[in-house]
Amino acid sequence: MKIAAWNVNSLKVRLPQLLEWLEASKPDLVCLQETKLEDHNFPRQEIESSGYQVAFSGQKTYNGVALLARETPTDIVCGNPHFPDEQKRLIAATVGGIRVVCAYVPNGQAVGSDKYAYKLAWLDALAPWLGEQLASNPQLVLAGDFNIAPEDRDVHNPVAWADQILCSAPERAAFQRLLGLGMKDSFRLFEQPEKSFSWWDYRMLGFQKNQGLRIDHILLSEPLAARCTAAAIDREMRKRERPSDHAPVTATLDGKCPP
DNA sequence: ATGGTAGCCGCGCTA
């Protein structure tokens, strides 16, 4: 079973690339962020024709999340019940016995800003809700754009980024708190190339110079981490013309169900 | 030196 997360930065613009990528990569479960579409404009037909069922929660211009799955998603929940939020950043569903949470964590703009406070509050509310999800289904995935580079090795220039947005200690502490619930960063279950990143700024030739950060993650609960056989970042889509600024990230689980 | 690009909607905001 292959799980993926991809911030597409406008599903309208990236739909042709998404359909190509689904065909080529054959993921079983996909978490999309920044769809930037109202629900009545969601390209349901096109995606269903590619063999996926969908659940989505979107809005105009900003944010928006979606789940794509080979099997039928059930028990769909939009948003965190403990954190009333106009912004469409969270959708959860159960797929083949696995509980999946697709998240688009706020960017935070700048340390100390109002948006930074909102980001930390959003993350503060995420942890207890995730704990509840974990208690009701121990097979849990949390995947998406976390807008957090967990460690210095996830940053192209840790000195320049020290204490900056995406790297500050409170953001990293919030990430560690999620791990503290028993979630594992699937990417770090395996040996990985140095300077592995998932996002590169469109400006200043960021991708060409590999000046990126690893801010997109797939976290797995322990029973799923035990089944994880591979994790990777698919840089190929970032090389395309008119790419998203994020690359898809993937985690593969073996077929066996835990006892 | 506070730049640059992309997507959105509309001439600014967010990332």
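All heavy atoms count here, side chains included; hydrogens, waters and symmetry mates do not. Chain letters run A, B, ... following the sequence lines, proteins first, then strands; residues in each count from 1.
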Which heavy atom of Ile76(A) sits nearest a heavy atom of Ala93(A), and at what distance?
CG1-CB, 3.9 Å
Nucleic acid contacts of residues 6-19 of chain A, taken as heavy-atom distances under 4.0 Å to DNA chain B:
Asn9(A), Ser10(A), Val13(A), Arg14(A)
Please give me the minimum heavy-atom distance between Phe190(A) and Cys228(A), naming the atom from each residue.
CZ-O, 3.3 Å
Span of DNA chain B engaged by chain A, first through last nucleotide within the 4.0 Å heavy-atom cut-off, is dG4(B) to dA15(B)
If you assign each of Lys115(A) and Arg203(A) to its closest nucleotide in DNA chain B, which residue comes earlier from the 5' end?
Arg203(A)
Of residues 60-67 of chain A, the positions that come close to DNA chain B - non-hydrogen atoms, cut-off under 4.0 Å:
Lys60(A), Thr61(A), Tyr62(A)
Can a side-chain donor-acceptor contact be found between Asp85(A) and Trp122(A) if the only test is distance below 3.5 angstrom?
yes
Interatomic spacing from CG in Leu179(A) to CG in Leu142(A) - rounded to 0.5 Å:
10.0 Å
With Val101(A) as partner, the option from Val141(A), Leu130(A), Leu219(A) fulfilling side-chain contact (heavy atoms from CB on, under 4.5 Å) is Leu130(A)
Smallest heavy-atom separation, Thr72(A) atom then Gln53(A) atom, equals OG1-NE2, 2.9 Å
Of all pairs that satisfy salt bridge (charged side-chain N to carboxylate O under 4.0 Å, His left out), the ones with a partner from residues 153-173 of chain A, not counting sequence neighbours:
Lys119(A)-Glu171(A), Glu151(A)-Arg153(A), Asp152(A)-Arg172(A), Asp154(A)-Arg188(A), Asp154(A)-Arg214(A)
Most 5' of Arg242(A) and Gln109(A) on DNA chain B, judged by nearest nucleotide:
Arg242(A)
If we take the P atom in both dG10(B) and dT2(B), what is their distance in whole Å?
30 Å
Work out how far the P atom of dA1(B) is from that of dC11(B), and round it to whole angstrom.
32 Å
I'd like the P distance from dG3(B) over to dC13(B), given in whole Å.
14 Å
Between Arg240(A) and Glu20(A), what is the shortest heavy-atom contact and its length?
NH2-OE1, 3.0 Å
Quick note, salt bridge (charged side-chain N to carboxylate O under 4.0 Å, His left out) partners involving residues 122-139 of chain A, not counting sequence neighbours, are Asp124(A)-Arg177(A)
For Leu68(A), the other hydrophobic cluster members (4.5 Å side-chain criterion, sorted by chain and number) are Trp6(A), Val8(A), Leu11(A), Leu15(A), Leu18(A), Leu19(A), Trp21(A), Leu22(A), Val30(A), Leu32(A), Leu37(A), Phe42(A), Ile47(A), Tyr52(A), Val54(A), Phe56(A), Met237(A)
Kindly determine whether Leu67(A) and Cys31(A) satisfy side chain to side chain contact (heavy atoms under 4.5 Å, CB included), including the steps that lead there.
CA-CA 5 Å; Leu67(A) 286 167; Cys31(A) 298; 3.6 Å; yes
May I ask you to say what Phe207(A) touches in the nucleic acid, namely base, sugar-phosphate or nothing, with a heavy-atom cut-off under 4.0 Å?
nothing
